[in-house]
Amino acid sequence: MNTLDKTYNPALFEKEVYQNALESFSPTGIGRAFVILMPPPNVTGRLHVGHALTYTLQDILVRYYRQSGFDTLWQPGIDHAGIATQMVVSKKLEADGVNVESLSREELVKAIWKWKEESGGEIFEQQKALGCSAPWHLSRFTMDEEFCKAVNEVFVTLYKGGLIFRSKRLVNWDTKFKTAISDLEIQTREEKGTLWYIKYKILESNEFVTVATTRPETMFGDMAIAVHPEDDRYRHIVGKMASIPYTDRIIPVISDEHADMTKGTGCVKITPAHDYDDFAVGKRHGLDMITVLDEEGHMMPEYVPEFLKGLYLKKARKILVEKFKEDDLLVKEEEILHFVPYGDRSGTVIEPRLTNQWFLNAKELSEDAIKVVENGEVKFYPEKWKNTYFDWMKNIEPWCISRQIVWGHRIPAWYGPNGEIFVERSEEEAIIEAEKFGIKKDRLRQETDVLDTWFSSALWPFVTLGWPKATKELEKYYPTSTLVTGFDIIFFWVARMIMMSLYFMKRIPFQDIYIHALVRDDKGQKMSKSKGNVIDPLEMMNEFGTDALRFTLASLSTPGRDIRLGKEQIKINRNFITKIWNAARFLQSKGIFDKGLSKLIITSKLGNWIVAKLKKIQAEINQNIRDYRFDYAAKNIQFFLREEFCDFFIEALKFQEDEDIKNIAGSVFAEFLKISNPFIPFVTDHLSKVLDICDVLVLRPDMDLGLLQISEKQEKEVDDFVELIHNIRSEKHINGVDSEKYLLLRSRLDNWEGELKRFIGIVR
RNA sequence: GGUCGCAUAGCUCAGUUGGUAGAGCACUACGUUCACAUCGUAGUUGUCACAGGUUCGAGUCCUGUUGCGACCACCA
């Protein structure tokens with residue numbers, strides 16, 4: 001046993017504590033399982049405060065259950081993060097002077113792998129610094145070989161089961177990354193825009209029909225003008241033809257309920273290839289579709305007048321509007337507020353675009369996924385999130401799972417020369433299938449699209465455990481116990497894991513879903529680089545110690561409420577940890593740990609009291625952790641140590657230094673270290689090692705004290721004594737030592753017999 | 001437009017089945033007594049957003065209003 005340093009300096013021991021504990025993070029294979037899937041961070045990720053929160057809460061659960069004798073698996077890993085990673089690496093390559101556009105697919109993929117091997121997964125080290133007690137040797141990467149095989153297996157199974165299909169549809173098109181993205185990857189922002197009222201000439205008449213649009217450049221893809229069937233203003237032109245300005249194309253005026261008499265002029269242009277509603281109208285009326293924007297958002301030549309060809313859509317829009325003005329085709333311009341979709345990664349306006357894509361029929365998968373939440377097999381904490389889940393699930397649309405990028409799982413589909421499609425687990429199998437149709441292997445071309453990153457993430461609960469092989473890990477650790485994550489990925493990830501898991505495993509992937517808060521700054525603002533209000537968890541860990549950050553995050557985790565995190569709060573909690581440190585120093589200075597702790601015997605009211613309080617707080621903390629009330633549990637820890645252990649018990653101890661009470665002090669403190677270890681693992685582990693008192697990682701918290709008999713009567717006596725002392729102090733403060741009441745209260749101390757009376761000194 | 005949430009001390013927030021409003025920070029006073037001034041002791045601070053209703057009793061349950069936030073939603 002070494003003497004504790006006078007000051008608490010976490011930097012001196014955190015690394016060592018973590019290294020020494022590493023081995024204990026592996027599942028033991030013995031006992032009931034407790035399993036958490038660590039939400040895999042992006043391979044490009046760097047620890048931000050949101051990560052710090054989610055990993056802290058998970059680590060608390062994992063450490064708690066491990067300590068309680070469960071066979072604990074916290075499954076770590078990282079995600080290949082398709083678009084994000086391709087973007088990061090491409091930028092880096094460009095910065096190094098490489099022309100990414102000129103690289104072949106194979107070259108770019110190779111470059112990204114190289115980057116991944118050299119600099120990917122930096123976040124692992126940061127997770128370790130945070131104290132995450134995960135078995136890192138079991139880490140999975142969504143693009144590792146076995147994972148890729150599993151993804152193919154899933155894709156092929158779903159395709160052959162009729163749940164995946166290829167179709168030419170309108171999708172959300174990102175003109176910056178030149179790929180389709182899913183509905184979820186869009187952020188709509190409200191902004192100012194202009195509504196232009198444009199005249200179309202009606203043929204064989206002198207009339208014009210005016211339509212309003214915010215996107216005039218798409219007019220060259222117009223296939224009709226629609227008016228409401230009951231709109232008397234326009235009844236007479238239904239069935240006539242209108243001409244699209246600057247082109248020789250003419251389009252019919254049709255009658256359709258989609259046209260809203262109260263909006264715009266009541267006439268609406270129908271552009272099926274560039275608008276979701278118009279697409280539906282087009283289908284109803286058997287209209288053709290004409291695409292006028294290319295993959296980068298430039299005007300395509302075929303149907304567009306000469307003066308706009310090849311222009312980027314925004315420029316084309318500007319020139320076109322000028323032209324309208326010149327030619328008196330613009331009736332009016334109106335400033336409006338409207339919602340515009342942006343790509344959440346690219347930040348560019350998303351255009352609906354008609355392309356061939358792969359879709360997953362999520363509707364069919366959603367039915368069971370809804371059921372398991374309805375019947376309580378899968379529970380949300382806080383419960384309100386299940387409404388969010390149902391809302392989305394019950395209105396789910398086909399999921400566009402193909403992406404036109406190179407970094408990801410390439411879709412295992414091969415095309416024959418006449419558009420035949422072979423979806424197989426491998427190229428070899430595709431060749432065999434193709435040959436049955438007389439197609440030679442050199443005529444086969446593999447699909448170039450890759451899968452949406454979330455497609456593979458959705459498989460995380462079972463593929464990490466070895467699926468499709470029937471492994472003993474799957475047997476033991478599936479389904480997992482609790483999923484801890486933020487509300488922002490309920491749709492992206494949680495819902496899809498439930499759907500995929502139910503389909504492939506026939507069982508739920510996890511029982512509980514704990515949805516934690518969003519971390520904001522101390523003024524309630526969302527943290528963002530541009531606002532400069534970002535709190536870097538690594539900096540906080542350096543400045544105040546990792547335990548202080550963890551304890552702060554846990555104690556602020558009130559369910560259903562966002563967290564406002566300021567440096568000040570972390571400092572306050574650092575002070576609390578310093579308090580623990582100093583309590584340890586005091587006990588050590590009393591020689592309490594010198595000969596090790598011996599079996600507990602309660603021989604005094606004071607000893608009975610502190611053990612009773614410890615047992616109570618322990619039971620509360622257990623319950624609170626099981627209820628995911630990390631905030632309560634943190635407050636329990638703080639209350640016990642400060643109010644009960646330090647402020648009364650230790651003070652009283654100073655007046656009753658017999659061996660029994662000293663032994664109780666040591667044992668109670670040791671238990672306290674165990675109980676609080678999941679929250680503040682570094683300082684508790686370090687203290688237990690230096691003082692050589694217990695193994696906080698292994699021993700179950702209640703092992704020593706569980707059987708001790710407590711006298712409630714004696715506990716109450718001490719409670720009364722504590723209260724009396726409080727009253728005496730208060731009276732002394734208000735009315736002074738000469739007041740009658742003070743003297744009266746003071747005289748009551750005489751009623752206390754024996755040992756308690758000896759604490760009289762603490763009244764002073 | 002739809003859905004969900006939030007409003008309690010100067011600030012940040014607890015308040016689990018209705019039963020005399022709590023904590024931390026801040027502030028005030030005192031205190032360096034054998035762990036700790038990164039501390040201790042004591043103290044001050046409330047129309048529980050507003051208006052109704054249910055009840056013996058409402059911060060808590062119900063209805064409505066206001067303010068704020070989040071998510072979802074066909075860009076005429």
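Quick note on labels: first sequence line is chain A, next is B, and so on, each numbered from 1.
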Report the nucleotide, chosen from B:U38, B:G40, B:C13, that has the shortest atom-to-atom distance to any side-chain atom of A:T578. B:U38
May I have the distance from A:K567 (atom NZ) to B:U12 (atom P), rounded to whole angstrom? 20 Å
B/S/- along nucleotides 67-73 of chain B (protein heavy atoms under 4.0 Å) is ---S-SB
A:F586-A:F669 aromatic ring centre distance below 6.0 Å: no
For RNA chain B, which consecutive runs of 3 or more Watson-Crick or G-U pairs (each distance under 3.5 Å) count as stems? B:1-7 with B:66-72, B:10-13 with B:22-25, B:27-31 with B:39-43, B:49-53 with B:61-65
Measure centre to centre between the rings of A:F672 and A:F645, then say whether the value is under 6.0 Å. no
Can you tell me if the side-chain N/O atoms of A:Y8 get under 4.0 Å from OP1 or OP2 in B:A35? no
Once rounded to the nearest 0.5 Å, what's the spacing between atom CZ of A:R642 and atom NZ of A:K579? 6.0 Å
Sugar-phosphate or base contact per nucleotide [nucleotides 21-30 of chain B; S, B, -; heavy atom under 4.0 Å]: ----S---B-
Given B:A35, B:A14, B:G43, identify the nucleotide with an atom nearest to the side chain of A:R629. B:A14
Which of the following nucleotides, B:C36, B:C75, B:U3, is nearest to the side chain of A:D391? B:U3
Should A:R561 be listed as having a side-chain N or O under 4.0 Å from OP1 or OP2 of B:G5? no
For B:U12 versus B:G18, give the span between their C1' atoms, rounded off to a whole number of Å. 27 Å
Can you name the residues that form a side chain to side chain contact (heavy atoms under 4.5 Å, CB included) with A:N395, not counting sequence neighbours? none
Scan A:I350 against the nucleic acid and name what it touches under 4.0 Å (heavy atoms): base, sugar-phosphate only, or nothing. base
Check every atom of B:A76, B:A35, B:C74 against the side chain of A:I650 and return the nucleotide holding the closest atom. B:A35
Check salt bridge (Lys or Arg N to Asp or Glu O under 4.0 Å) between A:E539 and all other residues, then give those that pass, not counting sequence neighbours. none
For the side chain of A:D647, counting heavy atoms from C-beta on, which of B:A76, B:A42, B:G40 is nearest? B:G40
Just jot down the side chain to side chain contact (heavy atoms under 4.5 Å, CB included) partners of A:K6, sequence neighbours excluded, or say none. A:R585
Hey, is the side chain of A:R574 poking within less than 4.0 Å of OP1 or OP2 on B:U38, counting only N and O atoms? no
